[in-house]
Amino acid sequence: MYFTIGVLRTGGTAHKGHVLIGAELAMADSSVVTEEIQPQRLRENLCNHFNCNPINDVALLNVHEYVHTQQGDYGTDLLSMCVFEGVAEFVSVLAANKNSGVPAIPFGKENSNEIKQRFQKEMFSPNWNDWLYNDKKNEFGVRDLGYYVGYAICENYYQLASDKSKAIKDMIELDCKDKKAVRSFVEQSNYLSED
């Protein structure tokens, strides 16, 4: 695990078994001075991020990215990408026994039906711009709602499982490049209202 100073691109990522934490994003809080950051859209996005006080959740971020080192490759459509991120977020919350610091999670729980309806229309799209790694300029006004969708799928799967340890193993080992396996996992979660 490496804590690095990056270029305001990512708070954390996993690559070839290594975790890279962008300390300038992951260890920030609402006191960060942003007036000189350009362009304005980047400044607005960073202010939103910093106002969530990400330093309070750096341990969760570390576990989230570590889970990614245990997963296979990420998927190729919106559904598989959301499951990939959702597994890491859900397992990190279980491991830390702490609520997620991702603002999309509580928002998603409060607006689940509307999010599901919109998600089901797009879930097989190769475009995830409105759902992952985005700003909050979407119809919901919240960034990264795909993390919530993936989290909710995993949470349902886990709650329905009789063997919780096996459920965690199944999640981490799920091949997100295998569309059939992802669809089967999502169906077993009973999260979506239709096949």
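It should be emphasised that the depicted structure is a prediction, and the values quoted were computed from it without experimental measurement. Nothing fancy with the numbering, it's 1 onward along the sequence.
Proximity of a side-chain donor or acceptor of D57 to a complementary backbone N or O of L60 within less than 3.5 Å is not detected. Distance alone, capped at 3.5 Å, places no donor-acceptor pair between the N53 side chain and the I55 backbone. Judged purely by atom type and a 3.5 angstrom limit, D144 has no side-chain atom pairing as donor or acceptor with the backbone of L132. Without hydrogens or angle criteria, K164 side chain to Y158 main chain gives a donor-acceptor distance under 3.5 Å. The closest donor-acceptor contact from the side chain of S100 to the backbone of V102 lies under 3.5 Å. Under a 3.5 Å cut-off, the side chain of S189 and the backbone N or O of V186 do form a donor-acceptor pair. Distance alone, capped at 3.5 Å, is enough to place a donor-acceptor pair between the S92 side chain and the A88 backbone. The backbone N or O of G6 sits less than 3.5 Å from a side-chain atom of E24, completing a donor-acceptor pair.
The shortest heavy-atom contact between E35 and Q38 is O-NE2, 4.4 Å. Of all the heavy atoms in A161 and A167, the pair that sits closest is CB-CB, 3.6 Å. Here the closest non-hydrogen pair linking G86 and C154 is C-SG, 3.7 Å. For the pair L61 and G11, the tightest heavy-atom approach, listed with the atom from each and the gap, is CD2-O, 3.4 Å. Between L192 and M123, the shortest heavy-atom contact is CD1-SD, 3.5 Å. A pairwise comparison of heavy atoms in Q188 and L160 identifies O-CD1, 3.5 Å as the closest pair.
Hydrophobic cluster membership is shared by F140 and M81, with clusters built from Ile, Leu, Val, Met, Phe, Trp and Tyr side chains linked at under 4.5 angstrom. V19 and Y147 fall into different hydrophobic clusters, where Ile, Leu, Val, Met, Phe, Trp and Tyr are joined by side-chain heavy atoms under 4.5 Å apart, directly or via other members. Note: the hydrophobic cluster containing F3 does not contain V63 (ILVMFWY, side chain heavy atoms under 4.5 Å, direct or indirect links). L94 is connected to Y151 through a chain of hydrophobic side-chain contacts under 4.5 Å among Ile, Leu, Val, Met, Phe, Trp and Tyr, so both are in one cluster.
With a 4.5 Å cut-off on side-chain heavy atoms, Y74 and E85 do not count as touching. Contact check for K109 versus I105: side-chain heavy atoms found under the 4.5 Å cut-off. I153 places a side-chain heavy atom less than 4.5 Å from the side chain of F185. The closest side-chain heavy-atom distance from Y157 to V83 is not below 4.5 Å. Between H68 and F84, some side-chain heavy-atom pair lies under the 4.5 Å cut-off. Residues L78 and N127 have side chains not in contact (no heavy-atom distance under 4.5 Å, counting atoms from C-beta outward). Using a 4.5 Å cut-off on side-chain heavy atoms (C-beta onward), V93 and E155 make no contact. With a 4.5 Å cut-off on side-chain heavy atoms, Y191 and S112 count as touching.
In this structure, CG on D73 lies 8.0 Å from CG on D175, to the nearest 0.5 angstrom. For the atom pair CG (L46) and CD1 (I37), the distance works out to 5.0 Å, reported to the nearest 0.5 Å. Taken from NZ in K177 to OG in S80, the straight-line distance is 8.0 Å, to the nearest 0.5 Å. Atom CD1 of residue I172 and atom CD1 of residue I168 lie 7.0 Å apart, to the nearest 0.5 angstrom. Of the inter-residue distances, the one linking Q120 atom CD with I115 atom CD1 reads 12.5 Å to the nearest 0.5 angstrom. Rounding to the nearest 0.5 Å places CG of N45 at 9.0 Å from SG of C47.
Judged purely by distance below 3.5 Å, without hydrogens or angles, the side chains of Y148 and N111 never pair a donor atom with an acceptor atom. Using modelled atom types, one finds no donor on one side chain facing an acceptor on the other under 3.5 Å when comparing T69 with E65.
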R118 vs E122, salt bridge (charged side-chain N to carboxylate O under 4.0 Å, His left out): CA-CA, chis, key distance, verdict: CA-CA 7 Å; R118 166 86 188 281; E122 299 179 35; 2.3 Å; yes
Intermediate values then yes/no, side chain to side chain contact (heavy atoms under 4.5 Å, CB included), V91 and V67: CA-CA 7 Å; V91 171; V67 170; 3.7 Å; yes
Stepwise side chain to side chain contact (heavy atoms under 4.5 Å, CB included) test for T4 and I21: CA-CA 6 Å; T4 62; I21 301 298; 6.0 Å; no
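A cation-pi arrangement is absent between R143 and Y133 under the rule of less than 6.0 angstrom and at most 45 degrees off the ring axis.
Within 6.0 Å of atom OH in Y66, 12 or fewer heavy atoms from other residues, nucleotides or ligands are found, so the atom counts as exposed in its surroundings. In the displayed structure, K169 atom NZ is contacted under 6.0 Å by at most 12 heavy atoms of other residues, nucleotides or ligands. Other residues, nucleotides and ligands contribute at most 12 non-hydrogen atoms within 6.0 Å of the CG atom of N99.
Taking the six-membered ring where tryptophan is involved, the planes of H18 and Y2 are tilted, since the angle between them lies from 30° to 60°.
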